[in-house]
Trainee: 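I have a structure I would like to understand better, so I am pasting it below and will then ask my questions one at a time.
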Number of protein chains: 2
Amino acid sequence: MPFNSMELECKKLQSKEDKAEHKKEMKAVQDSMDVLNGKWKIAIISSICYYNKRRFSDILNDVAGISNKMLSKELKELEINQLIKRTVLDTQPVSVQYELTEHGLTLKTIINNLTAWGMEHRKKIIGK
Amino acid sequence: MPFNSMELECKKLQSKEDKAEHKKEMKAVQDSMDVLNGKWKIAIISSICYYNKRRFSDILNDVAGISNKMLSKELKELEINQLIKRTVLDTQPVSVQYELTEHGLTLKTIINNLTAWGMEHRKKIIGK
DNA sequence: CAGTATCCAAAGGGATACTG
DNA sequence: CAGTATCCCTTTGGATACTG
């Protein structure tokens with residue numbers, strides 16, 4: 001991934017170009033957050049990723065607390081954003097398989113980081 | 001950061017221990033998302049980080065579209081989670097400075113990744 | 001099994017005005 | 001300047017029931 005992490009270091013002095021660049025970065029972060037918004041998206045992705053292929057009712061069980069209505073809605077949004085692929089299997093009764101697209105797989109780094117950070121945060125703030 | 005990224009690779013076979021581990025990881029991701037939830041948190045953090053220290057009204061301007069009510073609420077939550085530090089300056093009229101804590105600074109990797117991913121996503125989906 | 005449809009309470013959040 | 005307070009409309013999302 002062609003990305004220079006130095007670009008986002010905290011700076012004390014900013015040129016006009018730097019500020020324009022920062023605006024762009026803010027927009028990019030918003031784009032990501034919009035795609036991942038809601039309580040469930042990342043958990044759903046994580047579940048599908050973990051099992052490689054996963055059916056509706058399986059995800060419903062994996063993601064603690066989600067309702068079928070919510071799952072259906074979130075899956076639709078993820079599909080629109082081309083993060084997952086939906087396949088109807090010719091079984092009786094019908095079953096539907098979800099898997100990550102290549103684009104969806106690029107989220108893995110972020111999920112890894114969020115996992116690591118969440119664990120640290122829990123240790124630090126929420127309790128030992 | 002002591003974190004083995006291989007732990008989160010997508011797997012085809014799962015042992016009982018793997019599944020338990022996955023549950024933990026899901027919870028950790030949820031923790032992170034809870035802390036960062038809402039439309040504005042990351043943008044606020046990004047603004048403060050970029051300028052190192054930033055006042056209320058400055059952030060209000062940096063984050064396009066946010067209302068003072070929302071900003072106030074979000075800043076409070078970030079402070080509770082010990083991501084930012086609030087300092088009242090003895091000026092006339094009073095001004096308040098926000099800066100990231102050390103713990104807040106550990107979010108930088110995630111913000112960097114979200115920025116990079118958002119840019120790729122925009123190119124790919126939203127349109128060049 | 002994989003959703004949809006409906007009802008409805010609660011939360012979210014903008015606009016505006018006000019305070020120390 | 002840095003918030004609070006209030007009004008009020010919109011969105012969210014759980015519970016439940018229903019469909020192909």
Side-chain angles (χ1 to χ4, degrees), chain A residues 26 29-30 33-45 47-48 50-81 83-101 104, chain B residues 26 29-30 33-45 47-48 50-81 83-101 104:
Chain A
M26 301 262 283
V29 172
Q30 280 311 324
M33 293 308 279
D34 287 350
V35 170
L36 304 177
N37 76 359
K39 269 162 69 184
W40 312 109
K41 294 257 167 56
I42 301 235
I44 293 168
I45 292 170
S47 164
I48 297 173
Y50 183 68
Y51 290 99
N52 230 327
K53 296 179 180 186
R54 203 71 175 146
R55 287 176 311 156
F56 187 88
S57 55
D58 293 328
I59 305 173
L60 205 53
N61 278 312
D62 294 338
V63 181
I66 197 171
S67 65
N68 57 348
K69 176 178 153 188
M70 268 300 100
L71 180 56
S72 172
K73 188 190 135 218
E74 302 276 61
L75 285 170
K76 241 176 232 163
E77 291 175 17
L78 290 174
E79 202 187 350
I80 286 172
N81 279 298
L83 300 178
I84 62 172
K85 181 166 170 272
R86 179 178 179 277
T87 313
V88 181
L89 301 178
D90 195 14
T91 55
Q92 188 51 252
V94 80
S95 64
V96 179
Q97 196 167 75
Y98 293 92
E99 58 196 307
L100 293 189
T101 61
Chain B
M26 301 263 283
V29 173
Q30 280 309 325
M33 293 307 279
D34 287 350
V35 169
L36 303 177
N37 76 359
K39 268 162 70 183
W40 311 110
K41 294 256 167 55
I42 300 237
I44 293 167
I45 291 170
S47 164
I48 297 173
Y50 183 68
Y51 290 98
N52 230 325
K53 297 180 177 184
R54 203 71 174 147
R55 287 176 312 156
F56 188 88
S57 54
D58 293 329
I59 304 172
L60 205 53
N61 277 310
D62 294 339
V63 181
I66 196 171
S67 66
N68 56 348
K69 175 179 153 188
M70 268 301 100
L71 180 55
S72 172
K73 187 190 136 219
E74 303 275 62
L75 286 171
K76 242 178 232 163
E77 292 176 17
L78 291 174
E79 202 187 349
I80 286 172
N81 279 300
L83 300 177
I84 62 173
K85 181 166 169 271
R86 179 177 179 277
T87 313
V88 180
L89 300 178
D90 194 15
T91 55
Q92 189 50 252
V94 79
S95 66
V96 179
Q97 197 167 73
Y98 292 92
E99 59 197 307
L100 293 188
T101 61

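Only heavy atoms go into these numbers, but all of them, side chains included; no hydrogens, no water, no symmetry mates. Please read these numbers as outputs of a predicted model, since none were measured by experiment. A note on names: the letters A, B, ... follow the listed sequences, proteins ahead of strands, and every chain is numbered from 1.
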Trainee: Give the rounded distance in Å between these two atoms: CG of A:Leu60 and P of D:dA15.
Mentor: 12 Å
Trainee: Working to the nearest 0.5 Å, report the span between CD1 of A:Ile48 and OH of A:Tyr98.
Mentor: 8.0 Å
Trainee: Would you kindly give the CD1-to-C1' distance between A:Ile66 and D:dG13, to the nearest whole Å?
Mentor: 10 Å
Trainee: Counting heavy atoms from C-beta on, name the nucleotide in C:dT16, C:dA2, D:dG14 closest to the side chain of B:Asn68.
Mentor: C:dT16
Trainee: Under 4.0 Å: is that the gap between some side-chain N or O of B:Ser72 and OP1 or OP2 of D:dT4?
Mentor: yes
Trainee: In whole angstrom, what separates B:Arg54's CZ from D:dG3's P?
Mentor: 15 Å
Trainee: Check the pair B:Leu75, B:Phe56 against side-chain contact (heavy atoms from CB on, under 4.5 Å), reporting the backbone distance first and the verdict last.
Mentor: CA-CA 9 Å; B:Leu75 286 171; B:Phe56 188 88; 3.7 Å; yes
Trainee: Taking the nucleotide of DNA chain D with the nearest heavy atom to each, does A:Val94 or A:Lys69 sit closer to the 5' end?
Mentor: A:Lys69
Trainee: Choose from D:dT6, C:dG20, C:dG3 the nucleotide whose nearest atom is closest to any side-chain atom of A:Phe56.
Mentor: C:dG3
Trainee: Distance check needed: D:dT12 P versus A:Trp40 CH2, whole Å only.
Mentor: 15 Å
Trainee: Under 4.0 Å: is that the gap between some side-chain N or O of B:Lys73 and OP1 or OP2 of C:dG14?
Mentor: no
Trainee: Where the side chain of B:Val96 is defined as all heavy atoms beyond and including C-beta, which of D:dG3, C:dG3, D:dC1 is the nearest nucleotide?
Mentor: D:dG3
Trainee: Say you draw a straight line from CD of A:Gln97 to CG of A:Asp58; how long is it, rounded to the nearest 0.5 Å?
Mentor: 10.0 Å
Trainee: Find the partner of C:dC8: check Watson-Crick (N1-N3 plus N6-O4 or O6-N4) and G-U wobble (N1-O2, O6-N3) distances, both under 3.5 Å, and reply none if neither fits.
Mentor: D:dG13
Trainee: Can a side chain N or O of B:Ser57 be found less than 4.0 Å away from OP1 or OP2 on D:dA2?
Mentor: yes
Trainee: For D:dC18, what is the paired nucleotide under Watson-Crick or G-U wobble rules, both distances under 3.5 Å?
Mentor: C:dG3
Trainee: As a test of reading the structure: which of C:dA2, C:dG3, D:dG13 is closest to the side chain of A:Met70, going by heavy atoms?
Mentor: D:dG13
Trainee: For A:Met33, is there any backbone N or O sitting under 3.5 Å from a side-chain donor or acceptor partner on A:Asn37?
Mentor: no
Trainee: Measure CG/A:Leu78 against P/C:dG3 and give the value in whole Å, please.
Mentor: 13 Å
Trainee: Is any side-chain nitrogen or oxygen of A:Tyr98 closer than 4.0 Å to OP1 or OP2 of C:dG3?
Mentor: yes
Trainee: Side chain of B:Ser67 only, heavy atoms from C-beta on: which candidate in C:dG14, C:dG13, C:dC1 is closest?
Mentor: C:dG14
Trainee: The test is side-chain contact (heavy atoms from CB on, under 4.5 Å); show your working for A:Leu36 and A:Ile45 and say whether it passes.
Mentor: CA-CA 10 Å; A:Leu36 304 177; A:Ile45 292 170; 4.3 Å; yes
Trainee: Please give, in whole Å, the distance from D:dA2 P to B:Asp62 CG?
Mentor: 12 Å
Trainee: If you check every side-chain atom of A:Arg86, which of C:dG13, D:dG3, C:dG3 has the closest atom?
Mentor: C:dG3
Trainee: Round to a whole Å and report the spacing from CG of A:Leu75 to C1' of D:dG13.
Mentor: 16 Å
Trainee: Under 4.0 Å between a side-chain N/O of B:Lys39 and OP1 or OP2 of C:dG14, yes or no?
Mentor: yes
Trainee: What is the distance, rounded to the nearest whole Å, between atom CG of B:Leu89 and atom P of D:dC1?
Mentor: 14 Å
Trainee: Please evaluate residues B:Leu100 and B:Leu83 with respect to the criterion side-chain contact (heavy atoms from CB on, under 4.5 Å), reporting the C-alpha separation (whole Å), side-chain torsions for both, the decisive distance (0.1 Å), and the verdict.
Mentor: CA-CA 6 Å; B:Leu100 293 188; B:Leu83 300 177; 5.6 Å; no
